[in-house]
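Note sheet for the following structure.
Side-chain atoms are counted along with the backbone in the values below, which use heavy atoms only and exclude waters and symmetry mates.
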Amino acid sequence: MLQITRTFPLTLFVATLLFSGVPAAQEVDNEGHAEASHQGESKHGNEKTDQQEHREEEGAVHLTEVQQNLLDINVSPASSGRANETVRAPVEIMFVPDLVAKVGPLLEAKVSEILVDLGDSVSKGDTIATLNSVALAKVRARMQSLTARKAAAEAEYKRERSLQNQGISSEEEFLSAKARFLTMDAELNAAREELKAYGVSSAQPDTASLASYALKSPINGVLEKMDVMIGQTLSSSDTPFMVVNNRKVWAMIRVSESAIGQLALGDTVRIQLQPGASRAYNGQISWISTQLDETSRTVLARAEIDTPEGYLRPGMFGTAVISAQTNGALPLVPRDAVQTVEGRDVVFVPGEEQGEYKATPVRIGAEANGWIEIRSGLRSGQPVVAKGAFDLMSALTAKNRSASHGH
């Protein structure tokens with residue numbers, strides 16, 4: 001049995017649970033006693049069912065959203081490995097390069113309107129700024145001219161072909177009209193390709209100004225950089241906007257030379273930020289460098305971490321705990337995830353209802369490096385309360401005591 005001693009910091013919260021579980025005292029007269037007696041007899045047949053439901057509920061804690069925020073519950077999948085086969089190494093967070101886009105015009109243009117602000121969510125194709133470009137106006141004007149000239153050349157070519165078929169026009173006149181038409185068609189196609197290179201569709205509807213240019217986001221994400229102002233002229237090399245999809249990040253891990261042999265692609269990684277941070281994140285090793293840093297005597301490894309809430313940011317530092325894959329791998333949970341309730345070792349897993357956490361009895365194995373092996377009662381990858389289990393145990397204990405006093 002695991003022994004953990006800790007002072008519960010939220011005494012007021014536990015007291016609230018305790019007193020909310022005790023039925024309020026009621027004044028009952030003689031008639032009330034008779035009615036209660038009659039009701040007790042009518043419910044005698046359901047006594048066994050009520051006791052079963054009570055036993056099922058006494059192993060669960062139900063929290064409101066406010067209470068969950070007070071307790072700071074963190075749920076994550078149980079890792080897989082052996083407690084004594086883990087590697088600890090420093091880690092730094094960085095954005096995934098494929099999920100970062102620096103946005104700027106592809107030709108010289110002046111900013112006329114900015115449509116987004118820092119922190120705004122944008123989708124691929126959304127306009128983030130409107131620009132005016134003299135160079136773009138010239139290309140569009142040329143394209144309009146070429147469109148009209150092509151139409152005239154095509155009409156002349158068709159007329160000459162008809163006249164030649166009737167023996168009225170000479171072959172020389174027909175070939176000359178055909179050459180003019182093909183030339184106009186080629187020049188128009190070249191103008192379309194030039195617009196495409198600038199990120200402008202030739203099929204877009206007419207705008208109020210030939211110089212108008214919509215600067216669009218190439219990816220889904222959040223605006224992280226906006227180094228521009230209205231009226232500023234941008235060149236084709238300027239990228240004043242940056243859009244980042246921060247739902248996935250890279251954890252760059254520096255593993256010591258002595259631990260290289262314990263690493264393998266697919267190893268489970270748990271990222272714990274510097275002391276004071278309340279959450280941990282899980283991922284897997286997706287790349288291991290073949291080069292050794294001669295100065296630090298470390299090898300760089302990378303893990304991809306999903307962060308749906310977008311909390312992890314580049315430049316954050318922390319500790320990576322890597323669990324090596326072994327034939328006898330067992331579910332692993334942080335030491336604080338295992339608590340003792342009524343003499344049994346338990347972990348807390350999310351229930352079916354929102355805010356419900358169930359105490360699940362487990363059989364524990366070895367403990368090392370802050371991890372405990374679970375030999376039965378929990379599966380690898382199963383969601384488990386990794387942080388806040390002690391608070392749930394305290395609340396459950398208070399609830400059970402309240403229920404026993406109530407009976």
Look only at the side chain of [X] and the backbone of [Y], and say whether a donor-acceptor pair between them is shorter than 3.5 Å.
{"X": "Arg302", "Y": "Trp287", "value": "no"}
{"X": "Ser176", "Y": "Glu172", "value": "no"}
{"X": "Arg140", "Y": "Leu210", "value": "yes"}
{"X": "Ser112", "Y": "Asn132", "value": "no"}
{"X": "Thr340", "Y": "Gly343", "value": "no"}

Does a side-chain heavy-atom distance below 4.5 Å link [X] with [Y]?
{"X": "Ile364", "Y": "Ile374", "answer": "yes"}
{"X": "Leu136", "Y": "Leu195", "answer": "yes"}
{"X": "Leu223", "Y": "Met226", "answer": "yes"}
{"X": "Ile305", "Y": "Leu312", "answer": "yes"}
{"X": "Ile322", "Y": "Val269", "answer": "yes"}
{"X": "Val299", "Y": "Asp293", "answer": "no"}

Checklist entry - Is Arg335 salt-bridged to Glu367, cutoff N-O under 4.0 Å? => result yes
Checklist entry - Under 6.0 Å from the six-membered ring centre of Tyr157 and within 45° of its axis: does the NZ or CZ of Arg159 meet both? => result no
Taking atom [atom1] as the centre, does [X] end up with more than 12 heavy-atom neighbours from other residues, nucleotides or ligands that are less than 6.0 angstrom away?
{"X": "Gln232", "atom1": "CD", "value": "yes"}
{"X": "Gln166", "atom1": "CD", "value": "yes"}
{"X": "Arg297", "atom1": "CZ", "value": "yes"}
{"X": "Lys102", "atom1": "NZ", "value": "no"}

Checklist entry - Which residue, Asn189, Val139, Val200, forms the side-chain contact (heavy atoms from CB on, under 4.5 Å) with Glu194? => result Val139
Checklist entry - For the salt bridge (Lys or Arg N to Asp or Glu O under 4.0 Å) test, which of Lys150, Arg180, Arg149 pairs with Glu156? => result Arg180
Next on the checklist: So that I know where these two stand, are Tyr198 and Tyr213 an aromatic pair - ring centroids less than 6.0 Å apart?
Outcome noted: no
Item to check | Derivation and outcome, side chain to side chain contact (heavy atoms under 4.5 Å, CB included), residues Arg375 and Glu373 | outcome: CA-CA 6 Å; Arg375 295 194 170 275; Glu373 298 174 355; 3.8 Å; yes
